[in-house]
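Naming convention: chains lettered A, B, ... in sequence-line order (proteins, then strands); numbering from 1 in each chain.
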Number of protein chains: 2
Amino acid sequence: MKGIRQLADQLNISIGTVSRALNGRPDVNEETRKRVLEAAAELGYVPNQSGRSLRQGTTNAIGFMVESGFDTAGNPDNFFLGVFDGVQTVLSRHHLDLVVLPCATDEDPTQYLRRMVARRLVDALIISATRRKDERIELLNKARIPFIALGRSATPGDHPWIDLDFEGVAHRAVDRLVARGHRRVAVCVPSNDINLGFVFLDAYRAALGRHGIPFEPGLVIRVASSEQGGYQAAHELLTMAEPATAVVLIYELMAIGFYRRLNEAGLSPGRDIAVIAFRESPLSRFLSPPLTCFRMSLRDLGIALGESLLASMPAYAEVYPQGIVHRVWPMELIEGGSDQAISG
Amino acid sequence: MKGIRQLADQLNISIGTVSRALNGRPDVNEETRKRVLEAAAELGYVPNQSGRSLRQGTTNAIGFMVESGFDTAGNPDNFFLGVFDGVQTVLSRHHLDLVVLPCATDEDPTQYLRRMVARRLVDALIISATRRKDERIELLNKARIPFIALGRSATPGDHPWIDLDFEGVAHRAVDRLVARGHRRVAVCVPSNDINLGFVFLDAYRAALGRHGIPFEPGLVIRVASSEQGGYQAAHELLTMAEPATAVVLIYELMAIGFYRRLNEAGLSPGRDIAVIAFRESPLSRFLSPPLTCFRMSLRDLGIALGESLLASMPAYAEVYPQGIVHRVWPMELIEGGSDQAISG
DNA sequence: GGCGCTTCCGTAAACGATTTCGGAACACTC
DNA sequence: GAGTGTTCCGAAATCGTTTACGGAAGCGCC
């Protein structure tokens, strides 16, 4: 099967009619349409995407940019695969496909995205690992390409985004710890420019403030979001002049290293130091004591991302009328024993 | 910047010359080429991919099909992100880009691939989660699309593939265990139709055979490749009439559940039952005792995949002359204490 | 029978690039 | 000065679709 030409010849009708029939245009006899559809199915004809794209200026594909070097790359579950799944299910309802664009660690994300945009491979984009100041947002705005960011940004503008509920996480974590008598609560955030850490830190400050606890910069530990980072964080915490009695870890993977360093010091999480971490993974329950952490549905997040992206595209405005979405994704607290540490 | 037309008008030359200049054709004056290149850079002109594709029948993109429901989706590190990174670095050397095609859990992989192939979105493909009998291989062969499989298959034909060294893993694991006096070595494999489990099981049988140990079907435990699966596997093992004294787990994530069930029974891995698992993750060293497992470089695997794929494409035959590659990827043994269990 | 309306379909022009073909300009040789 | 190359570039065809436009056919109505 070559192209629409052959299909039309086979049926002895013009290619215009074939195209109209396949695309569900109203101005084609239903009998004719049926014949075309049948012949297309039989011959396995599928329109050449390049031809379509060239003519319509649209690709019927949505891009999802991820970065191999992003922190969650080391996280204890395949965060993105779960999200992809949700996005796909939404898109397939509209005959759209998802193509993932992985930016290599050695390439600048903005440059990479610029190239991809120029390629006109996709009609719209989901970007992740959003930076505090993210040039990609300006780039996409200027190029007038619909997009949604997984993760809010401080970059000005009114683009749609969905972010995890770091405020909720920080407040609930701090509330719990304070309720157990803790006053010196440390926090671990990554030391990169991804906005997540900043949002988390702000929420942590606010949470402390609600309890009248002054913010101490010394209790903010900046390390890599890895097991090693967690180990290092525990080390820093142990060598403080006046150690914290509790800690909130932003990446659950860090908990492994954190536990390890504590164990080396003869200390036990949940007894000597309270630990709460964000985000649940298979190993949370296995740790001893089990880690108190926060859970979410990756697939549902993907669905929300897909729907909210479509909502920002004029072509789908009537299907998803919610418009520009700014949404915070709820997290569920999972109680382990790791935050049971006694106070003082 | 609109298209090549504008660029040509700006320079007062024809679009043909512009195209030739940009594509490095010899029949264009070097002075002219320089002017074109400069103007293109200044105006940020990038050729429209649809136009190119339509004319040349090529897309300059390589696809990597992954499945959200694949076992490793739950694995304790982002297996695929690491591999993507390696593939990207190879492709970018040839001005190719990687697009990842994630198949949703609720869609048939072959149907999905058929759609993607028809889209002509990519020039060549990497497929993963290779099945024992994989229709995708036949599909791609018939469509004459260059591809490489991550994971060998029993599907006839001579397509290129790279697979992890399951033989090496199985032999080294069994050798170690037997050397420590074990005779009853159980093995855990997934219960799906992905070829990995079959290859692993065959190698396990062969390894036992080399030591004159008869194969016992009762020692093959088929469970899901998840933490729960590991838990269940341990349970099955404990309730055997004549329990195994050692076990080889194919997914490291299973070790968490396996350890947990053992602990519940008052047993300790490495003391009461020897455990070796495939593949290392951040938590391997953290488990108590640390897990004896196998390590690999995801990025290097990706590089090999990319190079081997290009080697199978006529257009790159002179750059990568190795031709059709069948390659087994080596794994490095990481010693933990989990396989130290005494025998008898 | 003329007119208007609807229904359906064919023709041809885009879309933006690459590439074949031929020719202009120039130099060189005899 | 005619013939022969060589170098470089422009014109135009081409890839496979979609879609604007117009027209043919059929029908109903006065």
Quiz prompt | Euclidean distance, atom CZ of residue B/Arg25 to atom P of D/dG10 [Å, nearest integer] | solution = 16 Å
Practice problem: Measure the distance from CG on B/Asn12 to P on D/dC8 and round it to the nearest whole Å. | Solution: 20 Å
Quiz item: Hey, does A/Thr32 reach any base, or is it just sugar-phosphate, or nothing, if we go heavy atoms under 4.0 Å?
Solution: sugar-phosphate
Self-check item: Whole-Å gap separating P (D/dG16) and CZ (B/Arg55)
Solution: 10 Å
Exercise. Let me see the working for B/Leu121 and B/Thr59 under side-chain contact (heavy atoms from CB on, under 4.5 Å), right down to the final yes or no.
Key: CA-CA 7 Å; B/Leu121 200 64; B/Thr59 67; 6.0 Å; no
Self-check item: B/Asp27 CG to D/dG5 P, straight-line distance once rounded to whole Å
Solution: 20 Å
Exercise. Walk me through it: do A/Asn29 and A/Thr17 pass the test side-chain contact (heavy atoms from CB on, under 4.5 Å)?
Key: CA-CA 9 Å; A/Asn29 187 294; A/Thr17 303; over 6 Å; no
Quiz item: Checking side-chain contact (heavy atoms from CB on, under 4.5 Å) for the pair A/Glu135/A/Gln111: CA distance, chi angles, key distance, verdict?
Solution: CA-CA 10 Å; A/Glu135 295 179 342; A/Gln111 291 304 325; over 6 Å; no
Quiz item: For D/dC9, does OP1 or OP2 lie under 4.0 Å from any side-chain N or O of B/Asn29?
Solution: no
Self-check item: Touch class at under 4.0 angstrom, heavy-atom based, for A/Ile13 against every strand present
Solution: sugar-phosphate
Exercise. May I have the distance from B/Arg35 (atom CZ) to D/dC8 (atom P), rounded to whole angstrom?
Key: 14 Å
Quiz item: Out of curiosity, A/Asp300 CG to A/Trp329 CH2, how far, rounded to the nearest 0.5 Å?
Solution: 5.5 Å
Quiz item: Would you say D/dT19 has OP1 or OP2 under 4.0 Å from some side-chain N or O of A/Gln56?
Solution: yes
Practice problem: Go through B/Thr130 and B/Asn195 one step at a time and tell me if the side chain to side chain donor-acceptor pair (under 3.5 Å) criterion holds. | Solution: CA-CA 6 Å; B/Thr130 313; B/Asn195 198 31; over 6 Å; no
Quiz item: Just checking, any donor-acceptor pair under 3.5 angstrom between side chains of A/Gln49 and A/Ser53?
Solution: yes
Quiz item: For the atom pair CG (A/Asp134) and CD1 (A/Ile194), what is the distance rounded to the nearest 0.5 Å?
Solution: 9.0 Å
Exercise. For B/Leu11 and D/dG10, give me the distance from atom CG to atom C1', rounded to whole Å.
Key: 15 Å
Quiz item: B/Val28 or A/Gly16: which one's nearest nucleotide on DNA chain D is closer to the 5' end?
Solution: B/Val28
Quiz item: Expressed in angstrom and rounded to an integer, what is the separation of A/Arg20 atom CZ from D/dT19 atom C1'?
Solution: 8 Å
Quiz prompt | DNA chain D: 5'-proximal contact among A/Leu54 and B/Glu30 (nearest heavy atom) | solution = B/Glu30
Practice problem: Would you mind reading off the distance between A/Leu22 atom CG and D/dT18 atom P, rounded to a whole angstrom? | Solution: 7 Å
Exercise. Considering only heavy atoms of chain B and a distance under 4.0 Å, specify the first and last nucleotide of DNA chain C in 5' to 3' order that meet this criterion.
Key: C/dG16 to C/dT20
